[in-house]
Amino acid sequence: MEKKTIIITILLALVTLAGQAQKQVVWEKPTAFIGSSSVGFGINKVELKPTETILHINARFTPNYWIRFAKGSFLQTPDGKKYAITGGAKTSENESDMQPDSLFWMPESGTADLALHFDPVPLNTKEMDFIESYDEGAFRFWGISDGKTKKKTVIPDEWKNVKYAKDEVLPTAKINKGTATVNVKMLGYKPEMGLEFYIGGFMPLGATDGYDKFFKFADDGTLKVEVPLWLTREVVIGVQGLGFTNIVIAPGQETSILMKVTADVRPFVAFKGYLAKTNMDMADAQNRFEIPQFGMQTYRKVKDCNTPAERKQCLTDLFNQRVASFRKAKYTTAAKDLLSMKAENDYYEWSRFFPRNFSIYNIDDNGKVYMSYEDMGQKMAKNKDLLPVSEYFNYSIQYLNEPASPCGMAFWETYAHEDDKDAKEKNAYNMDLRRIVMLLNDRDLSKSDADKALSEMTFEDCKNVVRDYLAEQQRVAQQLASEEHVFYQKYDDVAPENILQTILERYKGNAVLIDIWATWCGPCRAGHKAMKPMKEEMKDQNVRFVYITSTSSPLATWQEMINDIDGDHYYLTKEQYYHILEKYESHSIPTYAIYNTRGEQTYKSIGLPGIDVIRKELERAK
């Protein structure tokens, strides 16, 4: 009887412990895909209790700026049920209080630990999403899980057993104008994620604007992009918050990519089509060799060297080690060549411009390397003797001037060809390709200068790229000349010191907002978008909007962009443009100035001060 009592007591104890265990479930190292609007945030821990669910969040954001979680925020489980946010009270001294819908100001450190409380999700929940709202810019964390349970990726039938070539090589660079097709399938995609696929990081031959574009996924997680190209190119692809890689695409060729929503920064599942194995290898190399961290790796290697000779040897050793590692990898010849070009450009850049590169990097108290461009002039002056370079720096290219080198991104990024006196003799075609870029980026290129440059080029197909560009510029110029609110070359003969007054004379009796901008300026474009509603409100009032840019804005791009910007548009010479900026004591754009009906300046701002401020100042100027 006594033995039976002991057994019953033990069983009751076990039941009690089991019941207590079910009172709370803790995910100590949860994983999640942090959406593109939530980059810089992470989830430290998740507590599932019978009475509430708590997300412990680490926020990294600009010091002294605010963040806010809306009171409509919720957790959502796979069955579609929603669990509302209930508060933001801290649960330990390491956390900070933050109530829904209230502003939380980031501390000087730029990091803060927070606790978000919700109605309780079931204790057996294995996955959930956090959604502030579906509005643009709202916080969203997808697929929050315990970090232990591995989610099986279901591969579509057409992607099962993808066969890769044993080896692939880069093609010899040859101009072949056409379109590269890129197809993407995203596994685990939900339409409410609103993800965008990026292709860019390069300047197409024959263009003067970099190619950097985002494309929205269809509801089924697919998209198709057509990229105009003149020759095979290495480009950057990826999705913010998931990961990026470099791949090779080509005119007339198709590339298919299978991706997945994941928290492990390895979103690329498989490739098919053009150079598929090479593209898969490049995706692997991003993580395996930490390609994006090359600069920081180099800094760590040289920071403790004591003499210029030691620094030079460190750079040489690192370059050789990188190339040797690439060559040992089970990658295609094409991938190895692309990576070797990247390594050589890093080596050249540090050898040639050591003080500048060294001055970019710093180490914090925890030994973490970070980048900062503050006080660059002072730091470069301090570091100028760390690795002096003679005025006549000579460099002999190893990988960056081969017949296939223009397929690689590093070929177009490097300046090594300027320091290799034998570069043209080694590969004249590559030099003609590089000359195309130099000519097209000369915004003040005259016809006589263009003719002279063309006569110095060797290959007719390269000359034709320049001729096509010049013909297109002429066509655009003729079209602009007939447009009523566009002033292109109409004031080129006005002296820089008189150009501003000449423009203002046209608007006497009106309040005027002058917006100095450029096509490549993101904040400028954001300002245009933000002002649209205000301009619509004022369209029947005596207010004129005047937009001023210069030759730094590619003409065709400017023509396309101003179609969506109501107002008068001036395309000035470089000298006129900078004279106006000097008058406003401005060294950056956008710069705004407001004039009253008497032509007197009443307001100026470098950067957009806010639409309410602009509206108030225009009302005052009327």
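Numbers here are sequence positions counted from 1.
Side-chain atoms of E505 and Q501 include a donor-acceptor pair closer than 3.5 Å.
Side chains of P228 and Y211 form a contact here, defined as non-hydrogen atoms less than 4.5 Å apart. Considering only heavy atoms from C-beta on, K463 stays 4.5 Å or farther from V466 through its side chain. Between L480 and L555 there is a side-chain heavy-atom pair separated by less than 4.5 Å. When side chains are defined from C-beta on, E460 counts as touching R467, because their heavy atoms get closer than 4.5 Å.
Qualifying side-chain contact (heavy atoms from CB on, under 4.5 Å) partners for P523, counting only residues two or more places apart in sequence or in other chains: C521, P590. Listed by chain and residue number, Y198 satisfy the ring pair (Phe, Tyr, Trp, His ring centres under 6.0 Å) test with F214 (two or more places apart in sequence, or in another chain). Evaluation of the salt bridge (charged side-chain N to carboxylate O under 4.0 Å, His left out) rule for E619 yields K622 as partners, not counting sequence neighbours.
Contact check on D564 versus K532 returns no salt bridge, with no Lys/Arg side-chain nitrogen under 4.0 Å from an Asp/Glu carboxylate oxygen. R68 has no carboxylate O lying under 4.0 Å from a charged side-chain N of E132, or vice versa, which leaves the two without a salt bridge. Ionic pairing of K190 and D129 is present here: one or more N-O contacts between side-chain nitrogen and carboxylate oxygen are shorter than 4.0 angstrom. Between E192 and R140 there is no salt bridge, since no side-chain N of the basic residue sits under 4.0 Å from a carboxylate O of the acidic one.
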Which is it for H569 and Y488 under the ring-ring contact (aromatic ring centres under 6.0 Å, His included) test, yes or no, and what are the steps along the way? CA-CA 8 Å; H569 296 273; Y488 171 70; over 10 Å; no
